[in-house]
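In what follows, chains are A, B, ... by sequence order, proteins preceding strands, each numbered from 1.
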Number of protein chains: 4
Amino acid sequence: MAGVNKVILVGNLGADPEVKYLEGDNTVANLRLATTEAYKNRNGERVEQTEWHDLEMWGAQAKIAEQYLKKGSQIYVEGKIKTDSWQDEQGQNRYRTRIRVLSFTMLGSKPDGAGNPSAPQQSTQQRPASSAPTSAPKAQEMVSDTEDDDLPF
Amino acid sequence: MAGVNKVILVGNLGADPEVKYLEGDNTVANLRLATTEAYKNRNGERVEQTEWHDLEMWGAQAKIAEQYLKKGSQIYVEGKIKTDSWQDEQGQNRYRTRIRVLSFTMLGSKPDGAGNPSAPQQSTQQRPASSAPTSAPKAQEMVSDTEDDDLPF
Amino acid sequence: MAGVNKVILVGNLGADPEVKYLEGDNTVANLRLATTEAYKNRNGERVEQTEWHDLEMWGAQAKIAEQYLKKGSQIYVEGKIKTDSWQDEQGQNRYRTRIRVLSFTMLGSKPDGAGNPSAPQQSTQQRPASSAPTSAPKAQEMVSDTEDDDLPF
Amino acid sequence: MAGVNKVILVGNLGADPEVKYLEGDNTVANLRLATTEAYKNRNGERVEQTEWHDLEMWGAQAKIAEQYLKKGSQIYVEGKIKTDSWQDEQGQNRYRTRIRVLSFTMLGSKPDGAGNPSAPQQSTQQRPASSAPTSAPKAQEMVSDTEDDDLPF
DNA sequence: TTTT
DNA sequence: TTTT
């Protein structure tokens with residue numbers, strides 16, 4: 001049956017995106033995103049808890065990430081949870097969970113301080129493949145996961 | 001039946017929050033939030049479309065908004081849709097739709113807020129009333145809609 | 001700047017969809033959705049509060065709604081808030097807020113009881129226009145807002 | 001900094017909840033949830049892809065799950081991603097990602113639950129601990145993660 | 001391991 | 001009325 005698998009994150013990148021150019025003109029970017037919550041415990045002390053997320057972007061989106069995102073960038077992310085499983089050499093089941101990014105938006109008006117045209121406000125979003133940008137998108141534009149593959153997104 | 005009524009917004013304030021102190025030590029803040037999307041139309045021209053939202057915050061949350069938010073502030077908002085209806089003088093049905101904010105987070109500040117004490121990272125979120133902050137919360141902390149009323153949130 | 005305007009609803013339809021066939025082979029469906037929350041007030045009494053939402057669907061999505069949804073149907077909806085404004089005859093500003101549906105999913109295994117093949121599990125979701133179904137989608141499939149217009153979604 | 005870590009799922013349970021009663025009158029429930037998406041691949045063939053999620057509920061919420069949820073139940077879930085990491089006997093880093101449930105709603109029941117007392121509409125949601133139900137909640141009511149611990153939710 |  |  002048709003289900004829903006949706007993730008919404010706001011956080012900061014722990015490192016620059018790692019981008020790989022694959023055969024067939026495909027591109028994938030892997031990013032580490034930290035989401036931190038701060039709260040008071042029962043003693044009234046302030047506690048911070050950080051969760052790290054493995055993000056995966058494909059195609060034009062990966063290239064935008066490479067161009068505009070870097071360590072410390074604050075982004076809004078929408079995506080879905082994907083867990084890969086396999087057996088390791090000891091025959092044990094192993095799992096790795098990632099967030100497949102469907103759209104993202106750069107946050108903060110001046111990600112890198114004023115006067116930095118190379119790191120502009122940037123965002124991506126679901127767009128039909130037919131209208132995918134043929135070149136790197138301008139700043140302040142919605143760009144999306146436009147992979148022309150069999151994947152539902 | 002138990003339903004879901006959830007709104008997620010990222011945008012900028014069009015003006016400073018309007019805060020009213022009501023009898024019974026209650027506080028309400030009204031804010032106007034712009035969410036803008038940019039896309040290319042079928043002619044490849046860049047088009048911007050802005051939607052304006054009326055936000056409503058109560059109690060401690062309203063006071064935090066008054067203290068930390070101002071015209072231009074970029075925030076992440078989570079809330080629910082509420083539509084009031086009434087009859088005007090002509091006997092016509094009138095409607096007004098607002099977003100009741102359940103939590104919000106200031107965006108765009110430095111991750112550690114260093115060197116900018118006047119606009120610190122700030123955020124609010126659902127917290128049990130019993131652990132509500134008795135004073136304005138510190139920067140970079142989760143604060144929430146903690147109204148001790150009959151409302152479900 | 002690129003913003004986020006997202007609505008997530010789970011509720012029941014208050015009436016059958018109202019579908020209009022427009023010129024240019026366009027179709028629009030309007031639906032009324034109730035989201036109800038139940039909670040206990042400070043006297044421990046159970047209180048129910050229902051919010052009504054005006055939903056708007058276009059194109060293939062509207063046709064699916066017409067075919068599969070009816071009064072009482074429980075659906076999951078994802079969309080964005082849109083507020084139209086105009087001046088009425090008295091020169092007063094009037095507003096109407098609707099939810100532009102981007103995807104929806106029928107909930108409940110047997111919306112109409114077992115043995116009712118005409119009201120199957122059904123769901124819609126963002127899909128590139130190029131892969132839009134050319135006929136009404138089968139049950140249990142993702143279908144989406146595939147309008148080939150200038151709109152970003 | 002204050003971030004956002006939010007998961008929204010709609011799916012079916014692969015098995016009955018596994019509930020453990022811990023010392024200190026604490027309860028935890030573990031559930032497996034399947035979210036399935038169906039789409040057409042580039043050959044026009046219908047493809048189904050199922051993702052499995054490990055859900056974790058605590059306290060009153062866990063008891064409600066035990067009482068009302070079972071294999072096959074369709075639920076709406078809201079929560080956050082948590083990844084535990086440790087070193088295994090071979091000294092390798094191991095990870096396990098789960099969804100900490102903050103609220104959930106049973107789907108597919110009749111809006112008024114009439115005539116089905118054994119599987120009523122049921123739902124949970126964030127509520128201040130002070131107003132937590134002391135006994136199992138009635139059908140069609142919002143119930144929530146009301147753990148009185150140091151965790152922010 | 002669910003659902004249709 | 002915001003933002004870039």
Exercise for the section: Any chance you could measure C:Arg100, atom CZ, to B:Glu51, atom CD, to the nearest 0.5 Å? Expected result: 12.0 Å
Problem - B:Tyr76 OH to F:dT2 C1', straight-line distance once rounded to whole Å - result: 20 Å
Practice task
Specify the separation, in whole Å, of atom CZ of D:Phe104 and atom P of E:dT2.
Solution key: 20 Å
Exercise for the section: Could you check B:Glu48 against B:Arg46 for salt bridge (charged side-chain N to carboxylate O under 4.0 Å, His left out), going step by step and ending with a plain yes or no? Expected result: CA-CA 7 Å; B:Glu48 259 196 12; B:Arg46 190 171 174 279; 3.5 Å; yes
Exercise for the section: Would you mind reading off the distance between D:Leu9 atom CG and E:dT2 atom P, rounded to a whole angstrom? Expected result: 18 Å
Problem - Nucleotide F:dT2, atom P - distance to CG of B:Leu13 in whole Å - result: 11 Å
Exercise for the section: Measure the distance from CG on D:Asp16 to P on E:dT2 and round it to the nearest whole Å. Expected result: 12 Å
Problem - Distance, rounded to the nearest Å, where D:Leu69 contributes CG and E:dT2 contributes C1' - result: 13 Å
Exercise for the section: Let me know the distance between CD of B:Glu51 and C1' of F:dT2, rounded to the nearest Å. Expected result: 13 Å
Completion exercise
When rounded to whole Å, the CD1 to P distance for the pair D:Ile99 and E:dT2 reads 20 Å
Problem - D:Glu18, CD: over 12 other non-hydrogen atoms inside 6.0 angstrom - result: no
Fill in the blank from the handout: Those residues at least two apart in sequence (or on a different chain) that pass salt bridge (Lys or Arg N to Asp or Glu O under 4.0 Å) with C:Arg96 are none
Exercise for the section: Assign D:Thr50 to base, sugar-phosphate, or nothing according to its heavy-atom contacts below 4.0 angstrom with the strands shown. Expected result: base
